[in-house]
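What follows is a set of notes on a single structure, which appears directly below.
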Amino acid sequence: MINAKFLRQKFKSIFQNEPKLFRASGRVNLIGEHTDYNGGFVLPMAINKEAAAAIALRDDRKIRVHSVNLTETAEFDLDETTLQKKGFWLNYIEGMARILERNNFKIGGADVLIWSDLPSGAGLSSSAALEVVIGLSLSEINGYDIDKTLLAQFGQQTEHEFVGANVGIMDQFVSANAEKDHALLLDCRSLEFQNVPLDLSEYEIVICNTNIKHDLAASGYNTCRAECEQAVEILQNYLPEIKQLGDVSLKDFEKHKNELPENIMRRARHIIIENERTLLAAQALKNNDLKKFGGLMFASHLSMKDDFEISCNELDIMVKIAATFSGVSGARMIGGGFGGSTVNLVKKQNSAAFQEKIYNEYLNQTGIEPATLISTACDGAGEFENVN
């Protein structure tokens, strides 16, 4: 949880100024995996782990940033054209600042203190939360009321151009636009979205971190993405109007799937059926039918394991443990794959026992200690004040 008093005191000790405070949440994707960059549907929620920025204007064009987590300070000058090399944490901040300026948001220099309690590498979008909170804070202290969808798009552009990650827009979008006690159903083609009520009065969202990340993560993700693009190229011979797999109906896919090589067909099948699952899941939430919702989560995991082939032994072990526990309605892997976390829908009265079971059985089978966290559905990015 963000401690406003700590952030203010830390900022004053480093920059000798009074800051404004902003926050942006990480996310967990309840269902709809790898559909975002294929122009499909996703259904994430914002979680109660977040990134925060304390910020104050300077009278020059330098942006000086201190990371509390890394205990490092770095800076860049908006008037200089030489950019930081990729792989440096300042890329996220510099990317947002320069993209704001490129889009006619005239910003001045700033002192910035950043802090996060989002675990890196857990598939909870720590980088997206950072991008969103930086974009929001820089625009607002310079007098702009930035559109949250535009803010998300700037975050995605930062990943593409300044970080070198060809990501979809889901992570930044939910971090910017989420609503408390709701999941967010996003059409990644049109960017139309609706906040869907998420009644967790009897359930908890339990996120279980495998604490593993395999070397295949980057290459496997890129391979699956390339194979989705190949599927579109082949299907365009029969469906010339399509641009992404999200444009392909299940009926049309069934009609033309035999034109695709086996591995390409399975990648496409996951995306197209996952889109159907995501819409069914959103309707289940609207009907407060969390049992049905949980069944769709299990089906999503099997599809990612068998068709999209981005799971791994550790993730499969976690989901199998969850599937044998009577208090669990649904479980699935989340994120890019080959490690990271699972999301689990667990009856509240069974949550403590479930977490103990995950810890003991996963540790026994893998030799790795897992980590768990419980989250409600939280609001998206904004300025904040508190008295703690």
Side-chain angles (χ1 to χ4, degrees), residues 27-45 123 168 170 183-188 196 198 200 203-208 210 220 224 227-228 231 245-246 248-254 257 262-338 340-347 354 358:
R27 68 95 185 96
V28 62
N29 190 24
L30 298 175
I31 197 165
E33 211 65 66
H34 289 259
T35 48
D36 59 342
Y37 58 80
N38 282 291
F41 293 94
V42 291
L43 189 65
M45 73 176 207
M170 173 182 67
L184 187 150
L185 178 65
L186 172 65
D187 182 340
C188 297
V196 182
L198 175 57
L200 294 176
Y203 287 87
E204 287 185 331
I205 300 295
V206 183
I207 301 161
C208 300
T210 63
C224 286
E227 289 175 340
C228 289
L245 284 176
V248 182
S249 69
L250 184 56
K251 180 180 178 181
D252 283 340
F253 173 73
E254 290 294 334
K257 67 181 182 181
E262 174 68 19
N263 62 317
I264 304 292
M265 185 277 292
R266 287 188 287 107
R267 305 297 183 264
R269 182 168 61 191
H270 164 74
I271 297 302
I272 292 163
I273 296 179
E274 185 80 346
N275 272 330
E276 298 285 330
R277 266 192 293 266
T278 303
L279 292 174
L280 290 171
Q283 189 60 51
L285 288 187
K286 292 174 184 178
N287 297 338
N288 199 24
D289 187 351
L290 293 187
K291 183 177 180 181
K292 180 176 181 179
F293 187 91
L296 292 164
M297 292 173 70
F298 279 125
S300 174
H301 181 80
L302 287 176
S303 180
M304 287 184 285
K305 173 179 176 288
D306 296 332
D307 273 355
F308 219 60
E309 297 183 313
I310 57 168
S311 190
C312 63
N313 185 52
E314 293 85 359
L315 286 166
D316 293 340
I317 286 171
M318 272 195 170
V319 172
K320 286 178 183 177
I321 294 169
T324 62
F325 190 80
S326 60
V328 174
S329 293
R332 59 183 289 274
M333 61 154 285
I334 57 173
F338 310 102
S341 300
T342 65
V343 59
N344 305 265
L345 185 62
V346 187
K347 285 279 191 179
F354 168 71
I358 283 284

| task | List the steps and the verdict of side-chain contact (heavy atoms from CB on, under 4.5 Å) for K347 and F354. | result | CA-CA 9 Å; K347 285 279 191 179; F354 168 71; over 6 Å; no

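- Here the shortest heavy-atom pairing between S300 and E274 reads OG-OE2, 2.7 Å.
- Note: T35 OG1 to N29 CG = 7.0 Å, rounded to the nearest 0.5 Å.
- Using a 4.5 Å heavy-atom cutoff, the side chains of T342 and I207 are not in contact.
- Looking only at side-chain heavy atoms (C-beta outward), I273 and D307 stay at 4.5 Å or farther from each other.
- For T210 (side chain) and S341 (main-chain N/O), no donor-acceptor pair under 3.5 Å exists by modelled atom type.
- Distance check: E262 CD to K257 NZ gives 9.5 Å after rounding to the nearest 0.5 Å.
- A distance of 8.0 Å separates CG in D36 from CG in N38, rounded to the nearest 0.5 Å.
- For the atom pair Y37 OH and I271 CD1, the distance stands at 5.5 Å (nearest 0.5 Å).
- Heavy atoms only, all atoms of each residue included: A322 and N344 are closest at CB-OD1, 3.5 Å.
- The shortest heavy-atom contact between S329 and Y203 is OG-CE2, 3.2 Å.
- Rounding to the nearest 0.5 angstrom, the gap separating the CE atom in M333 from the CE atom in M304 is 5.0 Å.
- How far CD1 of I31 is from CZ of F293: 6.0 Å, rounded to the nearest 0.5 Å.
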| When you look at F298 and V328, which way does the side-chain contact (heavy atoms from CB on, under 4.5 Å) test go after all the steps? | CA-CA 10 Å; F298 279 125; V328 174; 4.2 Å; yes

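- Of all heavy-atom pairs spanning S311 and D316, the tightest one is OG-OD1, 2.6 Å.
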| request: Walk me through it: do H34 and C228 pass the test side-chain contact (heavy atoms from CB on, under 4.5 Å)? | output: CA-CA 10 Å; H34 289 259; C228 289; over 6 Å; no

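- The shortest heavy-atom contact between G39 and D187 is O-OD1, 4.3 Å.
- For the residue pair D306 and H270, no side-chain donor N or O sits within less than 3.5 Å of a side-chain acceptor on the partner.
- For the pair I205 and L30, the minimum side-chain heavy-atom distance is below 4.5 Å.
- Counting heavy atoms from C-beta on, the side chains of C224 and R267 come closer than 4.5 Å.
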| task | List the steps, then state whether side-chain contact (heavy atoms from CB on, under 4.5 Å) holds for L296 with R332. | result | CA-CA 9 Å; L296 292 164; R332 59 183 289 274; over 6 Å; no

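- Between N275 and G246, the shortest heavy-atom contact is ND2-CA, 3.8 Å.
- No salt bridge links E227 with R266; every basic N to acidic carboxylate O contact stays at or beyond 4.0 Å.
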